Amino acid sequence: MKNPMLEAVSLVLEKLLFISYFKFFSSGAPGEDKAGNTLYEISSFLRGDVLEVPRTHLTHYGIYLGDNRVAHMMPDILLALTDDKGLTQKVVSNKRLILGVIGRVASIRVDTVEDFAYGAEILVNHLDRSLKKKALLNEEVAQRAEKLLGITPYSLLWNNCEHFVTYCRFGTAISPQADKGFVAQRCPYRLLNINPELEGISYHGATQRCLLDRTLEMR
């Protein structure tokens, strides 16, 4: 049974996170200021590798599928407005991305390495070291990503690009950068004297259920 108060608190937290990351979405996100002259050593990437693009406030993540293709989660309001793939498959602009975050709609889509990174530096499998987790076999990682392609709900807290990548790479959907933002903004829980774990909330449980449901639907 849903708890209206907890849902309201979750919404407030997401809005606070969105405000704190707004500079990233408005200036560092793809769509309008692409650096077009950057060359990437695509031959060094292996199918199933995690590609990471560090930006000012957030890191964007994707799974390399081979042949210059990257699967990654992108908020996109256009998905809620049209089924025209000719429009939605175009590179996501800043405005589409920002409104997608607000509207909580995204897709796990495939773009080229260049369109995924937009001129930024790419780190490879850095999460393996930072999280100190054992990765699944690369082919399984890639297959997990491919099974999840398509429209998905979006949430800065519960279902973002990092949740998608860690689910594919490690089998568990987690987002350390969302957790950091949650801890920094968790004053509403203290003010309401709510213990989220006692109320049945897991920081990652909602995302795991969402991704599990999607996986089962695609079998």
Side-chain angles (χ1 to χ4, degrees), residues 2-34 53 55-63 70-111 115-116 118 145 147-168 173-175 177-182 184-186 188 201 203-215 217-218:
K2 295 183 178 180
N3 186 315
M5 180 173 290
L6 291 179
E7 287 188 344
V9 171
S10 179
L11 179 61
V12 170
L13 286 169
E14 288 205 43
K15 297 304 181 186
L16 289 172
L17 281 175
F18 175 73
I19 291 171
S20 69
Y21 293 147
F22 182 80
K23 188 177 293 184
F24 162 76
F25 289 122
S26 60
S27 62
E32 293 172 0
D33 299 315
K34 177 180 177 180
V53 180
R55 297 189 185 275
T56 304
H57 297 285
L58 292 173
T59 297
H60 188 53
Y61 296 89
I63 300 291
V70 184
H72 61 130
M73 183 185 294
M74 283 291 289
D76 184 3
I77 192 62
L78 201 56
L79 297 166
L81 303 176
T82 180
D83 294 326
D84 187 342
K85 292 185 178 180
L87 294 175
T88 58
Q89 287 179 348
K90 291 181 179 179
V91 176
V92 180
S93 67
N94 287 334
K95 291 179 181 178
R96 284 167 58 185
L97 188 151
I98 292 170
L99 291 174
V101 173
I102 296 173
R104 297 185 176 188
V105 60
S107 70
I108 296 170
R109 54 182 285 151
V110 175
D111 285 304
D115 286 341
F116 164 76
Y118 279 88
K147 287 181 180 179
L148 293 172
L149 294 177
I151 297 177
T152 183
Y154 184 81
S155 167
L156 282 169
L157 282 175
W158 314 118
N159 194 33
N160 62 43
C161 63
E162 192 173 21
H163 289 110
F164 160 66
V165 162
T166 53
Y167 170 79
C168 294
I174 59 175
S175 178
Q177 61 184 346
D179 289 347
K180 290 178 183 178
F182 178 87
Q185 305 288 353
R186 68 182 301 176
I201 287 182
Y203 292 161
H204 314 303
T207 300
Q208 291 172 19
R209 287 194 296 272
C210 172
L211 290 172
L212 178 59
D213 290 343
R214 284 180 54 78
T215 302
E217 289 173 3
M218 295 181 182

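Since this is a predicted model, take the numbers as computed values, not measurements.
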> Do F164 and T152 pass the side-chain contact (heavy atoms from CB on, under 4.5 Å) test, and can you show the C-alpha distance, the side-chain angles, and the key distance before you say yes or no?
Replying inline: CA-CA 10 Å; F164 160 66; T152 183; over 6 Å; no
> Where do L58 and Q177 land on the side-chain contact (heavy atoms from CB on, under 4.5 Å) test, with the steps shown first?
Replying inline: CA-CA 7 Å; L58 292 173; Q177 61 184 346; 3.6 Å; yes
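Of all heavy-atom pairs between Y154 and A106, the closest is CB-CB, 3.7 Å. Closest approach of C161 to Y61, counting heavy atoms only: SG-N, 3.6 Å. Heavy atoms only, all atoms of each residue included: A145 and I108 are closest at O-CG2, 4.5 Å.
The distance from the CD1 atom of I151 to the OG1 atom of T88 is 7.5 Å, given to the nearest 0.5 Å.
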Please set out all donor-acceptor pairs under 3.5 angstrom arising from side-chain atoms of residues 73-83, sequence neighbours excluded.
unit_1 : atom_1 : unit_2 : atom_2 : d
D76    : OD1    : L78    : N      : 3.0
D76    : OD1    : R96    : NE     : 2.9
D76    : OD2    : R96    : NH2    : 2.6
T82    : OG1    : D84    : N      : 3.0

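Between S175 and H163 there is a side-chain heavy-atom pair separated by less than 4.5 Å. In this structure, V53 and Y118 have side chains that are not in contact, with every pair of non-hydrogen atoms separated by 4.5 Å or more.
Side-chain atoms of N160 come within 3.5 Å of backbone N or O of L156 as a donor-acceptor pair.
Residue pairs that meet the ring pair (Phe, Tyr, Trp, His ring centres under 6.0 Å) test with at least one member in residues 70-97, sequence neighbours left out, are H60-H72, H72-F116.
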